[in-house]
Amino acid sequence: MKKIASLLLGVSLLAACAPSDRRIAPSGDLVANASVALENGRIAERFEAAEYILIGEKHDNPEHHDIQLALLQALVKPGDVVVFEMLNREQQPVIDRFLSGALPDSELEKALDWKASGWPDWQHYGPLFEAAKDGGARIYYGSFPKKELRRKMILADDHFAPLSAVLHDDLDLQIKSSHCDLLPENMIRPMSNIQIAKDKKLAQELVENRQGGRAFLIAGNGHIRKDRAVPFYLKQLDKEATVQVLALIEERDTDALEDPFPLYDTLWLTSSTPEKDYCADLRKKFGKAS
């Protein structure tokens, strides 16, 4: 498992529990592993007391996956559950075989058809599945097959209270921005609806599969926002839920967070990945000049 020994070198922790915590502060002594890191601050107490622990990521940042791995290794206990945004319902039988020992770790990537999934390299996610299994946790899918997601573009009524108009409009703006302002206007709300459908599904899987242990979520930072994502729906399903939300944020992205604490309980600041032109493929798809 790579780089665990140097996991926290140069990393800062931004913790939000009270107004006095609203500052960027060094994480403390340089430490060798996540267990020691958790003992160095209130983050340990929060995680131990929580029934639901939501851990975010920027999907293509390797450091985020190193941190997630160390946290799962330190925190997961037998009887816990780990839900992954990256898995869909059709892949659950493969995961069940993996957990039972019928499918070797070395064959999991191929059995999940990971290369065709669109997610970053297996080397970032494979160790997370292994850590959950080694810790005695059950693993569950958190998303829909792609063909079913298309049907989620038009939302049907369900038992969840809907987002307010303000929050839905805000999500629309984020969807538009994250797609480089290239989406046709008539696609923005349907794409927002997909995001909402995934948030609801993630919340449902966490609650329905917890069964007395703790439930962990591995998902993109957008899915763990407290104002309009998984925690919003989680509280509707489990009103007494104790939830901790940890976002892994690249240092260069902090300027966009004027006040992140209504969104997350804790920010873990990391190094930034090299600059990429994420919009290039979209410009090509929509025939826009660069």
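For reference, positions follow the sequence shown, starting with 1. Note that the structure is a prediction, hence the values are computed from the model and not measured.
Tested against Glu148 for a salt bridge (Lys or Arg N to Asp or Glu O under 4.0 Å), the candidates Arg89, Lys198, Lys201 yield a single pass: Arg89.
With hydrogens and angles ignored, the 3.5 Å screen pairs no side-chain donor or acceptor of Ser177 with any backbone N or O of Gln174. Counting only distance, with no hydrogens or angles, the side chain of Thr242 and the backbone of Glu51 share a donor-acceptor pair below 3.5 Å. Gln236 places a side-chain N or O within 3.5 Å of a backbone atom of Ala161 that can act as its donor or acceptor partner. Asp121 contributes no side-chain N or O that, together with a main-chain N or O of Gln123, makes up a donor-acceptor pair within less than 3.5 Å. Using modelled atom types, no side-chain atom of Glu205 and backbone atom of Val82 make a donor-acceptor pair closer than 3.5 Å. Checked by atom type and distance alone, the side chain of Lys77 never pairs as donor or acceptor with a backbone atom of Gly136 at under 3.5 Å. Side-chain atoms of Arg228 do not come within 3.5 Å of backbone N or O of His168 as any donor-acceptor pair. For the pair Arg138 (side chain) and Arg210 (backbone), a donor-acceptor distance under 3.5 Å is present. Between the side chain of Gln91 and the backbone N or O of Asp113, no donor-acceptor pair lies under 3.5 Å.
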Could you check Asn221 against Glu57 for side chain to side chain donor-acceptor pair (under 3.5 Å), going step by step and ending with a plain yes or no?
CA-CA 5 Å; Asn221 287 319; Glu57 66 178 49; over 6 Å; no
Side chain to side chain contact (heavy atoms under 4.5 Å, CB included), that's the test. Do Val243 and Leu234 meet it? Break it down for me.
CA-CA 9 Å; Val243 183; Leu234 192 57; 3.7 Å; yes
Might you work through the side chain to side chain contact (heavy atoms under 4.5 Å, CB included) test for Leu75 and Arg214, ending with a clear yes or no?
CA-CA 10 Å; Leu75 294 170; Arg214 289 185 297 177; 4.2 Å; yes
Checking Phe84 against Ile95 for the side chain to side chain contact (heavy atoms under 4.5 Å, CB included) test, could you report, in this order, the C-alpha distance in whole Å, the side-chain angles of both residues, the deciding distance, and whether it holds?
CA-CA 11 Å; Phe84 286 87; Ile95 291 297; over 6 Å; no
Output, in order, the C-alpha distance, side-chain angles, deciding distance and verdict of side chain to side chain contact (heavy atoms under 4.5 Å, CB included) for Glu85 and His59.
CA-CA 11 Å; Glu85 175 200 354; His59 299 309; 3.5 Å; yes
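Salt-bridge check for Glu90 with Lys146: failed, with every basic side-chain N at 4.0 Å or more from each acidic carboxylate O. Using a cut-off of 4.0 Å between Lys/Arg side-chain N and Asp/Glu carboxylate O, Arg225 and Asp170 are scored as salt-bridged. Salt bridge annotation for Lys226-Asp265: present, with a cationic side-chain nitrogen under 4.0 angstrom from a carboxylate oxygen. At a threshold of 4.0 Å, the pair Lys58-Glu251 does not count as salt-bridged, since none of the basic side-chain nitrogens sits closer than that to a carboxylate oxygen.
Distance check, rounded to the nearest 0.5 Å: CZ of Phe98 to NZ of Lys133 gives 4.5 Å. Atom OG of residue Ser271 and atom NE2 of residue His64 lie 7.0 Å apart, to the nearest 0.5 angstrom. To the nearest 0.5 Å, the span separating CG on Asp60 from CH2 on Trp119 amounts to 11.0 Å. Interatomic distance, CG of Asn88 versus OH of Tyr141, reported as 9.0 Å (0.5 Å rounding). A distance of 12.0 Å separates CD1 in Ile53 from CD1 in Ile224, rounded to the nearest 0.5 Å. Distance CG/Leu248 to CG/Leu267: 9.0 Å, rounded to 0.5 Å.
Checked by atom type, the side-chain pair Gln195/Asp199 shows no donor-acceptor distance below 3.5 Å. A donor-acceptor contact closer than 3.5 angstrom links the side chains of Asp172 and Ser192.
Grouping the Ile, Leu, Val, Met, Phe, Trp and Tyr side chains by contacts below 4.5 angstrom, directly or via other members, places Leu173 apart from Phe232.
The minimum heavy-atom distance between Arg252 and Pro274, with the atom names listed, is NH2-O, 4.0 Å. Nearest approach of Ala137 to Val76, heavy atoms of both residues: CB-CG1, 3.5 Å. The minimum heavy-atom distance linking His159 with Leu237 is given by the pair NE2-CD2, 3.7 Å. Heavy atoms only, all atoms of each residue included: Leu182 and Cys279 are closest at CD1-O, 4.2 Å. The shortest heavy-atom contact between Leu87 and Ile139 is CD1-CG2, 3.9 Å. Closest approach of Leu167 and Asp227 over heavy atoms only: CD1-O, 3.6 Å.
Classified by interplanar angle (parallel below 30°, tilted 30° to 60°, perpendicular above 60°), the ring pair Tyr233/Phe160 is perpendicular.
Taking the side chain as every heavy atom from C-beta outward, Leu103 and Asp96 never approach each other to under 4.5 Å.
The aromatic ring centres of Phe129 and Trp122 sit less than 6.0 Å apart.
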